[in-house]
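To start, the structure under review is shown below, and the notes come after it.
Protein chains get the first letters and strands the later ones, always in sequence-line order, with residue 1 at the start of each.
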Number of protein chains: 6
Amino acid sequence: MGIHTYFRSLNELERIFRCPGKFKFEVHTVAAHSWKVVQYAKTLADIEEKHGGVVIDWKKLYEITSSHDYGEIFIGDIKTPVKHSSPELRVLIQQVEEGMVNHFIEEHIPEEFKGIFHNQLREGKDDSIEGLILEVADKMDQVYEAFSELQKGNSEREFVVMYRNALVKIKNINLKCVEYFLEQILPDMVNEETISSVDIKRITEEALAL
Amino acid sequence: MGIHTYFRSLNELERIFRCPGKFKFEVHTVAAHSWKVVQYAKTLADIEEKHGGVVIDWKKLYEITSSHDYGEIFIGDIKTPVKHSSPELRVLIQQVEEGMVNHFIEEHIPEEFKGIFHNQLREGKDDSIEGLILEVADKMDQVYEAFSELQKGNSEREFVVMYRNALVKIKNINLKCVEYFLEQILPDMVNEETISSVDIKRITEEALAL
Amino acid sequence: MGIHTYFRSLNELERIFRCPGKFKFEVHTVAAHSWKVVQYAKTLADIEEKHGGVVIDWKKLYEITSSHDYGEIFIGDIKTPVKHSSPELRVLIQQVEEGMVNHFIEEHIPEEFKGIFHNQLREGKDDSIEGLILEVADKMDQVYEAFSELQKGNSEREFVVMYRNALVKIKNINLKCVEYFLEQILPDMVNEETISSVDIKRITEEALAL
Amino acid sequence: MGIHTYFRSLNELERIFRCPGKFKFEVHTVAAHSWKVVQYAKTLADIEEKHGGVVIDWKKLYEITSSHDYGEIFIGDIKTPVKHSSPELRVLIQQVEEGMVNHFIEEHIPEEFKGIFHNQLREGKDDSIEGLILEVADKMDQVYEAFSELQKGNSEREFVVMYRNALVKIKNINLKCVEYFLEQILPDMVNEETISSVDIKRITEEALAL
Amino acid sequence: MGIHTYFRSLNELERIFRCPGKFKFEVHTVAAHSWKVVQYAKTLADIEEKHGGVVIDWKKLYEITSSHDYGEIFIGDIKTPVKHSSPELRVLIQQVEEGMVNHFIEEHIPEEFKGIFHNQLREGKDDSIEGLILEVADKMDQVYEAFSELQKGNSEREFVVMYRNALVKIKNINLKCVEYFLEQILPDMVNEETISSVDIKRITEEALAL
Amino acid sequence: MGIHTYFRSLNELERIFRCPGKFKFEVHTVAAHSWKVVQYAKTLADIEEKHGGVVIDWKKLYEITSSHDYGEIFIGDIKTPVKHSSPELRVLIQQVEEGMVNHFIEEHIPEEFKGIFHNQLREGKDDSIEGLILEVADKMDQVYEAFSELQKGNSEREFVVMYRNALVKIKNINLKCVEYFLEQILPDMVNEETISSVDIKRITEEALAL
């Protein structure tokens with residue numbers, strides 16, 4: 001009916017959960033994931049500007065990060081192995097998703113804003129710096145999600161695989177912010193794991209001795 | 001590793017929710033849905049035997065109803081409009097699902113039980129009486145789920161569409177148990193809606209007058 | 001009012017949680033439990049036919065497994081120790097449950113289906129092969145539920161007790177599928193526990209070395 | 001092991017839900033219910049002292065209200081109709097519950113506090129003023145719980161029945177605080193229902209006209 | 001320890017719920033709210049550029065919208081009436097929040113990025129176009145949240161008040177995108193309410209007549 | 001409108017969660033916390049009477065324990081570090097909370113009960129024995145909550161800090177029941193931790209050997 005239909009639809013991403021089927025100590029919605037990707041990307045872009053001597057197109061980065069999973073409203077959550085089971089299927093699914101997003105825009109967005117929405121809701125993971133930063137930020141959230149589960153004692157293999165694959169994807173992207181992540185951020189994360197065990201007996205004795 | 005891998009995997013259907021993205025007063029898991037389909041089908045088959053003078057293959061019905069959504073463990077929840085967006089995609093997705101189920105059986109199920117599992121986990125919605133009863137039972141759960149949401153005041157169009165489409169699907173299946181459902185069961189359901197509003201004031205006065 | 005009342009009532013078992021009062025990392029509904037019992041029983045019966053040279057009455061197995069906890073709709077969740085506190089109380093509670101199920105059938109099920117429903121909703125755990133398979137499948141779900149909690153680090157004694165008692169119950173049932181479970185399935189489960197700890201540091205280093 | 005076992009057990013009442021099996025817009029734990037009963041009783045007793053010219057034994061009231069559902073830790077949630085299905089069963093269940101509470105005290109509570117705990121955890125609903133106030137407060141929470149569901153559009157008959165039966169129970173108790181409840185509190189509650197519908201269109205227009 | 005501490009902290013906003021204490025049919029996290037504000041603001045800014053002939057500082061808008069509630073990690077959820085109870089308290093609370101954010105930056109963010117973080121995490125609601133758009137987007141989410149509750153039948157006065165106050169706040173902001181919202185978007189929303197009631201009987205009859 | 005407004009408001013404390021923002025394996029409401037404090041305090045007071053030779057004012061203890069967090073309905077959950085960030089802010093926040101409680105009483109409570117409510121809802125943590133017991137009971141629930149999280153493997157530092165600070169607070173209160181807690185109850189709790197690990201393999205072997 002207009003932009004209202006688009007605004008209201010955002011609510012749906014609060015009701016789609018990531019990693020369906022697997023046991024999780026903490027559930028994440030696609031909406032919350034999208035917000036964290038926005039936040040990571042902002043800082044990654046700051047690092048890239050500072051260390052890489054490049055100029056970020058902030059409007060583009062803003063658009064592609066915040067909307068990068070909007071298409072899940074139409075498509076639902078198709079498991080990654082399915083998408084990758086054949087190149088043919090992958091292309092078809094992507095075509096369907098793009099077709100549905102385009103159909104939504106044509107049906108609901110007023111003429112004067114159609115161009116803007118086609119732009120905003122386009123697939124953002126291209127080879128531009130902004131597209132690459134989105135890819136890093138998206139994978140970084142998988143690293144954080146999987147790490148947090150493993151740290152709590154989750155023994156689902158899926159989280160080990162997710163953690164490892166996301167790391168491999170990130171490290172093969174040629175950006176200064178990736179270097180920074182691998183050298184400055186990831187070691188802090190891994191180190192946190194090794195100091196996380198708690199000795200209640202000792203804490204109790206120390207508290208009583210105060 | 002063996003049948004243990006299969007038994008443990010059943011737990012995953014307790015963590016996949018039906019109708020993702022839409023607001024629901026009550027959430028249903030695929031496991032609970034599967035159980036209700038098993039129960040509906042049992043009674044529908046009893047009606048069919050009684051009114052249709054046919055003999056049900058109970059083993060087959062048991063197998064295909066209880067396992068009819070097992071493939072969602074591999075595929076995830078692909079939204080219905082996606083599946084129907086092109087016949088080509090639909091066939092591809094079904095091939096991928098079957099391929100993954102077959103791969104699972106080949107990898108995990110011991111030789112002597114492979115045949116049994118290929119049989120159990122096959123697509124059950126064929127033109128046999130048992131396949132048709134499964135189709136009716138599966139759609140009946142959509143009718144019950146959607147009705148229950150609408151009755152509570154859910155205004156998502158999706159539930160109106162789901163309710164209507166499921167009813168249309170059911171009524172076009174040529175079984176005696178469908179006749180029974182339309183004539184004996186559905187009217188009770190619809191009638192329940194009209195008597196469901198509650199007058200607290202009157203109830204209070206009546207209680208105090210006792 | 002008719003079979004609708006029965007179909008609608010199934011929804012209630014989605015709202016009764018197993019093991020109330022105890023801390024659980026994952027909550028299970030009676031509906032999901034019932035579905036898993038249906039699935040275990042199907043495979044156990046296949047094993048029994050293959051290894052035991054017997055013929056299963058599949059209709060009976062279907063009926064008694066899928067409905068085996070239906071009575072909880074009327075009775076609620078009475079803790080096991082209560083039921084076992086005196087033989088007198090146990091008999092009384094069982095009589096009340098059967099009375100309520102019978103009352104429900106008499107009040108809501110049409111004359112022509114009363115016999116079928118009395119049959120379907122009867123207590124199924126008798127000494128027939130099907131009754132014994134139901135008992136094994138029901139206890140197997142306790143084994144899986146308790147194992148899954150203990151594996152995640154749950155320190156409630158109740159789950160140790162549940163795991164042990166269910167195993168003891170199973171191993172004293174004289175069926176070929178029990179032998180198969182103890183020799184082929186249980187070792188895979190226990191072995192999974194010992195390989196489940198995750199070394200994040202090593203995984204990180206391996207991923208970065210790829 | 002001592003009073004620690006008792007203190008830790010309180011946590012269990014946070015995990016037992018009232019009215020299992022029925023659809024509820026809002027779920028209540030037995031712990032939260034117990035707290036509300038404590039709060040209602042305190043005010044009811046204040047009213048009784050003021051209007052009835054009696055002296056409340058505050059220690060007794062404190063003890064019996066806050067612990068009145070502690071026995072559910074051992075017994076679980078047995079549905080009311082079960083308890084009332086035969087006087088014989090009711091007596092037996094109550095004996096089992098008392099036996100289990102006594103067993104817990106004998107096993108875990110140190111000698112010097114056994115008397116106190118037998119007193120605290122006794123059945124409190126006797127004919128004393130404090131026992132009657134507990135009965136009123138307990139039923140008042142059913143009135144509030146059921147009202148809140150009906151007001152939100154819940155069409156489960158169980159809540160109508162619960163609301164009505166609780167009101168009838170209350171009004172037959174001969175206390176000044178019951179008179180106050182019926183004349184001063186209940187009318188405000190019922191009146192709230194009739195003013196609760198919201199006209200979004202009008203509110204929007206008024207806001208825009210400001 | 002570094003930027004890792006900041007990235008990990010984002011997770012906390014997934015665990016803070018909006019509007020605590022009030023009954024809600026649907027719960028919203030601060031993370032999901034933040035994402036929706038990012039999305040609204042993007043479109044509002046597009047409208048403003050198109051209709052207002054202004055140039056948006058997209059980097060600034062990106063920063064202030066996505067981080068506008070980050071301070072809640074330190075402060076928690078202080079109810080609006082508290083903040084407004086005295087100008088003195090309001091100033092003090094804001095000073096504490098800013099002090100805590102600054103303390104966090106000084107303690108955890110590396111020297112070279114401190115300036116960037118002080119900028120990113122600053123209070124964004126100033127009188128610039130970007131600051132005003134943030135204010136509109138933030139209030140628009142209150143409108144959507146409250147509308148969605150009222151539409152489902154929520155009778156808490158708080159949502160009527162929230163809806164009304166947010167509308168009044170929005171309409172007093174002098175922006176072209178506000179005009180667009182009031183004239184093009186809000187009427188669609190209000191109109192949706194009036195068409196939302198569902199006649200199950202009619203739908204059933206129509207479906208059966210197909 | 002009267003006491004109904006007060007009774008209905010109690011429900012709000014079932015919807016405010018303790019320790020917002022932090023990961024918790026188990027969530028506690030303020031209502032459930034309040035009930036546990038009531039229960040702890042009752043037993044602590046019994047110990048104090050027995051070991052300290054004092055007489056408890058049970059009415060006062062009842063009032064101040066059960067209502068000690070009622071003010072959170074108005075104030076919301078302000079994080080502890082905020083309250084402690086400056087003595088000036090702490091005083092102001094307390095003044096606002098008291099002002100709001102007083103305003104509520106003046107607006108809703110009938111004249112004849114105003115005095116009683118001002119008394120009931122006053123700040124209870126003074127230097128009387130009852131006030132000190134409330135302080136111990138309130139901190140004891142932090143000890144139990146934090147211990148339970150740490151025991152399940154929660155690695156949030158906040159729970160270590162909460163556990164330690166609460167213990168330190170308790171041990172500096174000069175009461176006989178504190179001595180009893182430190183000597184008789186706390187050791188049982190800490191000891192429970194050290195025996196909580198479970199060896200599934202051994203349990204399995206023992207069960208099969210029975």
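Exactly one residue among C/Phe147, C/Phe181, C/Tyr144 makes a ring pair (Phe, Tyr, Trp, His ring centres under 6.0 Å) with B/His4. That residue is C/Tyr144.
Heavy-atom distances place the side chain of C/Ile116, and not its backbone, under 4.5 Å from chain B. With a threshold of 4.5 angstrom between heavy atoms, C/Leu186 does not approach chain B through any atom at all. B/Ser67 touches chain C through backbone and side chain together, each having a heavy atom under 4.5 Å away. Using a 4.5 Å cut-off between heavy atoms, B/Leu13 contacts chain C through its side chain alone, with no backbone atom that close. B/Glu26 touches chain C through its side chain: at least one heavy atom from C-beta onward sits under 4.5 Å away, while N, CA, C and O do not. Heavy atoms closer than 4.5 Å to chain C are found in both the backbone and the side chain of B/Lys59. Heavy atoms of B/Ala41 lying under 4.5 Å from chain C belong to its backbone as well as its side chain.
With respect to chain B, the highest number of heavy-atom pairs below 4.5 Å among C/Ala31, C/Pro110, C/Ala45 belongs to C/Ala31. Contact count versus chain C (heavy atoms, under 4.5 Å) is highest, among B/Ala32, B/Ser148, B/Pro187, B/Ser34, for B/Ser34.
Between C/Phe117 and B/Thr43, the shortest heavy-atom contact is CZ-OG1, 3.7 Å.
Side chains of B/Gln120 and C/Asp46: a donor on one and an acceptor on the other come within 3.5 Å.
Residue C/Lys22 qualifies as enclosed at atom NZ: its count of foreign heavy atoms under 6.0 Å is above 12. The number of heavy-atom neighbours closer than 6.0 Å to NZ of B/Lys60, taken from other residues, nucleotides and ligands shown, is above 12. Around atom NE2 of C/His103, no more than 12 heavy atoms belonging to other residues, nucleotides or ligands sit under 6.0 Å away. Shown here is C/Asn172, whose CG atom has more than 12 heavy atoms of other residues, nucleotides or ligands within 6.0 Å.
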Checking side chain to side chain donor-acceptor pair (under 3.5 Å) for the pair C/His51/B/Glu112: CA distance, chi angles, key distance, verdict?
CA-CA 10 Å; C/His51 289 197; B/Glu112 60 171 329; 2.9 Å; yes
Does the pair B/Phe113 and C/Ile47 meet the rule for a side-chain contact (heavy atoms from CB on, under 4.5 Å), with working shown?
CA-CA 8 Å; B/Phe113 296 111; C/Ile47 296 172; 3.5 Å; yes
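Using the six-membered ring where Trp is involved, C/Tyr62 and B/Tyr62 have ring planes that are parallel, under 30° apart on the 30 and 60° scheme.
Between B/Leu10 and C/Trp35, some side-chain heavy-atom pair lies under the 4.5 Å cut-off. Taking 4.5 Å as the limit, some side-chain heavy atom of B/Lys36 sits within range of a side-chain heavy atom of C/Glu14. Using a 4.5 Å heavy-atom threshold, the side chains of C/Met189 and B/Phe7 count as separate. Taking the side chain as every heavy atom from C-beta outward, C/Asn11 and B/His28 approach each other to under 4.5 Å.
Checking side-chain atoms of C/Lys42 against main-chain N and O of B/Ser66 turns up no donor-acceptor pair under 3.5 Å.
In this structure, C/Tyr6 has its ring center no closer than 6.0 Å to that of B/Tyr40.
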